[in-house]
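Atoms within each ligand, like the ligands themselves, are counted from 1 in listed order. Note that this is a predicted model, so its numbers are computed, not measured. Throughout, numbering of the chain's residues begins at 1 and tracks the sequence.
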Amino acid sequence: MSGPGIENINPRRILSRMTPYSPGKPIWEVQREFGLTQVTKLASNENPLGPSPLALEAIQAYLSEIHRYPDADTVDLRAVIAEKRGFSLDQVLVTNGGDELITLLSETYLEVGDEVIVPSPTFSEYEFGANLLGASIINVPLRDNFRYDIDDIFAAVTERTKMLYICSPNNPTGTYMTKLDLHRLVKGLPSHVLVIFDGAYSHFVTADDYCDGLALVREGYPVVVLQTFSKIYGLAGIRVGYGIADAGILQRIRQVKEPFNVNMLAQVGAAAAIRDDQHLEATRSNNAAVREALYTALRELGLPFTPSMSNFVLVDLGVQAKAIYDTLMSRGVIVRYGAGWNLLNHVRISIGTSEENAVLVQALKEIVAVKA
Ligand SMILES: *Cc1c(COP(=O)(O)O)cnc(C)c1O
C-alpha cells in the first residue's frame with residue numbers, strides 16, 4: 001500500500017507521442033507580453049472583415065433561448081447547407097468546427113495499424129486524429145513549389161491504407177490539386193481508401209482548373225468534403241464546420257458523435273452566414289486585392305513566396321525567418337512561423353484588410369532593411 005498520489009494513474013501510452021496543437025498567438029497575449037495596444041493578427045487565416053452582419057443579427061435574436069439544448073440533428077442548418085450545395089439532408093453532417101469532423105472521422109474509421117496518407121507539409125489536425133487512434137501516418141512530401149504529385153501518392157498506398165487527406169488549397173502552402181489530378185487520383189485508388197478532401201479554403205479559389213470535390217461525392221466515390229464556417233464566413237470563434245459525403249459514411253459518424261456537439265448560436269449564425277452572398281463576395285474581393293498588394297510588396301523586398309489560391313501566403317525569409325518573425329511580433333504584428341511544418345525559413349501570412357497589410361509591409365520593410 002502506498003500513500004495518496006497520482007503516480008500510478010497512467011494516461012494512454014500514445015499520448016507521449018502527441019504534441020499539442022500550437023495556435024496563432026492571440027492578440028491579448030501579445031499585447032500583454034510586449035506592452036502594446038495596437039496589434040495586427042495575420043496568423044490564423046480569419047476573416048479580416050469580421051463576421052457576416054446577417055449572422056450577428058441571427059445570433060442576437062436567438063440569445064434569449066440559450067437555456068434550451070441545441071438541436072442535436074442540426075436540421076435547419078443542414079437544410080440550408082444541403083440546398084445551397086445541392087445535396088440531400090442525409091449527405092450533410094454539421095460539426096463543432098471542421099476540426100471536430102477530422103476527429104470524428106478518425107474515431108469512426110481508424111484502428112491501430114491502419115495507415116493514413118498525409119501529403120506534407122499540411123494542416124496538423126490530420127496527424128492528430130490519426131495519432132489519437134494509434135494509426136500510422138504516411139507522409140508524402142509535396143514536390144518543388146509545394147506541388148501535389150499524384151504518382152507519389154499512388155506509390156504510398158498499401159493494403160493497410162485507410163484514409164488519404166487532400167487539403168486543397170493546402171494550408172500552409174496555398175497550392176492546390178488540379179481537377180484533372182483529383183479525379184484521376186480518386187478514380188485510381190483502391191476502394192478501401194476513404195479520401196478526406198479538405199476544402200476549408202475552396203471559396204477563395206479563382207483558378208479554372210480547381211475542383212472542390214463535391215462532384216466526386218455526387219458520383220458516389222468514397223470522398224468526404226470538409227467545409228468550415230471559420231474562414232470565409234468569419235465565424236471561427238463560434239466553432240462550426242460540416243462534412244458532405246455519402247449518407248452511409250456519415251451515418252456511421254453519427255454513432256460516435258456527442259449528441260449536442262454544435263451549440264445553438266453556431267447553428268443559427270452559420271445558417272444566416274451561408275445565405276450572406278454579399279459578405280462572401282466582399283471577403284473574396286478584399287482577399288484578391290490585398291493578396292496582390294502583398295505580392296507586389298514582397299517582390300519589391302526581394303522575398304520569395306509561393307503563389308496562393310487562398311487567404312494566406314507562405315513567404316521564404318531565409319535563415320533569418322525566426323528572427324524576423326520574433327521582431328514582427330515584438331512590434332505587434334503576428335504571423336505564423338513555419339517551424340510546426342518543419343519550414344524553418346518560412347512564415348505564413350494571412351491576408352488582412354489593406355490597412356492591416358500596410359502595417360505588416362511597413363514593419364517587414366524596416367526589419368528586412370536592418371537584417372540585410
Ligand atoms: C481552419 C481549417 C480547418 C477547420 O477549422 P475549424 O475552425 O475547426 O472549422 C480545416 N482545415 C484546414 C486546412 C484549416 O485551415
Side-chain angles (χ1 to χ4, degrees), residues 20-24 26 41-48 51-52 55 74 77 81 92-107 116 118-130 132 142 146 148 163-177 195-205 210 212-213 223-245 253 257-258 261-263 265-267 269-271 273-274 283 287 306 308-314 335-336 338 340-341 343 348-351:
Y21 180 77
S22 79
K41 186 184 176 198
L42 299 171
S44 299
N45 306 339
E46 295 148 342
N47 189 326
S52 140
T74 63
L77 177 54
I81 294 169
V92 180
L93 176 74
V94 181
T95 54
N96 186 33
D99 288 357
E100 195 203 20
L101 179 60
I102 295 167
T103 307
L104 287 171
L105 280 162
S106 307
E107 290 171 338
V116 179
V118 181
S120 306
T122 193
F123 192 47
S124 63
E125 287 299 289
Y126 312 147
E127 293 207 3
F128 167 81
L132 194 63
L142 297 177
F146 302 110
Y148 277 105
M163 272 186 194
L164 159 64
Y165 281 96
I166 299 296
C167 186
S168 177
N170 185 42
N171 179 5
T173 61
T175 49
Y176 67 101
M177 182 175 281
V195 177
I196 319 296
F197 182 90
D198 188 337
Y201 301 98
S202 59
H203 287 92
F204 290 104
V205 179
Y210 176 72
D212 64 10
V223 175
V224 178
V225 173
L226 178 153
Q227 286 282 329
T228 176
F229 284 92
S230 297
K231 307 288 158 53
I232 205 158
Y233 294 108
L235 298 177
I238 208 162
R239 314 302 303 127
V240 49
Y242 62 94
I244 293 188
I253 301 176
K257 88 167 186 72
E258 301 276 339
N261 59 328
V262 185
N263 76 74
L265 298 179
Q267 292 190 34
I274 202 171
T283 305
N287 191 67
T306 307
S308 170
M309 273 295 147
S310 197
N311 66 343
F312 52 80
V313 178
L314 188 67
V335 298
R336 190 69 74 91
W341 298 289
L343 297 171
R348 189 196 67 193
I349 302 174
S350 302
I351 301 301

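For Gln227 (side chain) and Gly199 (main-chain N/O), a donor-acceptor pair under 3.5 Å exists by modelled atom type.
In summary, the atoms of ligand 1 found under 4.0 Å from a heavy atom of Gly97, numbered by their order in the structure, are 8 (O), 9 (O).
In this structure, Phe197 and Tyr210 have tilted ring planes: the angle between them lies in the 30° to 60° band. Between Phe123 and Tyr126, the ring planes are perpendicular. Angles over 60° get that label, and only those under 30° would be called parallel.
Contact annotation: the side chain of Val240 never approaches that of Tyr242 to less than 4.5 Å [non-hydrogen atoms, C-beta and beyond].
Under a 4.0 angstrom heavy-atom cut-off, Cys167 registers as being in contact with ligand 1. At least one heavy atom of Arg239 sits closer than 4.0 Å to an atom of ligand 1.
Checked against the 6.0 Å centroid criterion, the rings of Tyr201 and Phe312 qualify as a close aromatic pair.
For ligand 1, the polar-atom distance check against Asp198 finds a nitrogen or oxygen pair separated by under 3.5 Å. The N/O atoms of Gly241, backbone and side chain alike, include none that comes under 3.5 Å of an N/O atom in ligand 1. Polar contact with ligand 1: present for Lys231 (N/O pair, distance under 3.5 Å). Here's the thing with Asn45: none of its N/O atoms is less than 3.5 angstrom from an N/O atom of ligand 1.
Counting heavy atoms under 4.0 Å from ligand 1, residue Tyr201 touches it through the side chain alone.
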Discussion item. Go through it in stages, so that I can follow the logic: the residues are Thr175 and Asn170, the test is side-chain hydrogen bond (donor to acceptor under 3.5 Å, both in side chains), and I'd like the CA-CA distance, side-chain angles, deciding distance and then a yes or no.
Written reply: CA-CA 5 Å; Thr175 49; Asn170 185 42; 4.7 Å; no
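Scanning the protein for heavy atoms near atom 4 (C) of ligand 1, the closest one is Asp99 OD1, 3.8 Å.
Side-chain contact of Asn45 with Arg336: a donor-acceptor pair under 3.5 Å is absent, judged by distance alone.
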